[in-house]
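The structure appears below as structure tokens.
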Amino acid sequence: DVKVTQSSRYLVKRTGEKVFLECVQDMDHENMFWYRQDPGLGLRLIYFSYDVKMKEKGDIPEGYSVSREKKERFSLILESASTNQTSMYLCASSLTGGRLYEQYFGPGTRLTVT
Amino acid sequence: GDSVTQMEGPVTLSEEAFLTINCTYTATGYPSLFWYVQYPGEGLQLLLKATKADDKGSNKGFEATYRKETTSFHLEKGSVQVSDSAVYFCALGQSGGYQKVTFGTGTKLQVIP
């Protein structure tokens, strides 16, 4: 079974702190994604990566950056956390190829910025 | 751009009731369609999918049919159980490219005994 793990289930940070969210997948997937989930807004794509050191902006990249130094690991960085970044953050991964493959999700990190 | 619209929740049903959660989409070409489910405290997991018009996806008693003429992919189950309580997300994706998937806003289902 594909396993996607996230470094923390719950995180509390102060405004202005630099925050790192880590995601690791164990199935050699090429694609990795970071979403944030907010009530009434569903999932919104922040960034995705289709290969090591490659990244693409999603729909809401402002205030975030990412890093993918190894195939299995995709990090989301909040350069200077703000209260409007309080949210549930979900990581996902998928295979690449000619057809669309399902995305496998981690359990999520609930981040609170105070 | 691509978009997915699903019915507002929450939906509250009694056990053994019939479930329908509506989903419509806007997309170019021939997208694949998905239903994902999120149980409390967990990430999303794929429930079912359909890759072309008139395909029916099914899993765990849930079904959805890809209707291109009405751009819809409604989720149905004949008899819900308390264990089906979760948030359900309709989604679409385009093959090729970078495998991006567009999600709806989610519909929370609560089943009461």
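Small disclaimer: the values here were computed from a predicted structure and weren't measured.
- For a residue to count as touching a neighbouring chain, one of its non-hydrogen atoms must lie under 4.5 Å from one of that chain's; by this rule A:L43 touches chain B with backbone and side chain alike.
- Proximity to chain B (any heavy atom under 4.5 Å) is shown, for A:R44, by neither the backbone nor the side chain.
- Side-chain heavy atoms closer than 4.5 Å link hydrophobic residues (I, L, V, M, F, W, Y) into clusters, and following such links, possibly through other members, connects A:I60 to A:L111.
- One distance of note links OH of A:Y35 with CZ of B:F103; it measures 4.5 Å at 0.5 Å rounding.
- We find the CD-CG distance between A:Q103 and B:L44 to be 9.5 Å, quoted to the nearest 0.5 Å.
- B:Y39 and B:L109 fall within the same hydrophobic cluster, where Ile, Leu, Val, Met, Phe, Trp and Tyr residues are linked whenever their side-chain heavy atoms come under 4.5 Å apart, directly or through other members.
- When heavy atoms are compared at a cutoff of 4.5 Å, A:Q6 does not approach chain B at all.
- Atom CD of A:E17 has more than 12 neighbouring heavy atoms from other residues, nucleotides or ligands inside a 6.0 Å radius.
- Taken together through direct or relayed side-chain contacts under 4.5 Å among Ile, Leu, Val, Met, Phe, Trp and Tyr, B:L33 and B:L19 form part of one hydrophobic cluster.
- Across every non-hydrogen atom of B:F89 and A:Q37, the tightest pair is CZ-NE2, 3.3 Å.
- A distance of 11.0 Å separates CD of A:E102 from CG of B:L48, quoted to the nearest 0.5 Å.
- Within a 6.0 Å radius of NZ in B:K52, no more than 12 heavy atoms belonging to other residues, nucleotides or ligands are found.
- Hydrophobic clustering keeps A:M88 apart from A:L76 (ILVMFWY residues linked when any side-chain heavy atoms are closer than 4.5 Å, directly or through intermediates).
- Residue B:Q38 touches chain A through its side chain alone, counting heavy-atom pairs closer than 4.5 Å.
- The hydrophobic clustering, which links ILVMFWY residues whose side-chain heavy atoms are closer than 4.5 Å, places A:M32 and A:L45 apart.
- To the nearest 0.5 Å, atoms OG1 (B:T105) and CG (A:D38) are separated by 12.0 Å.
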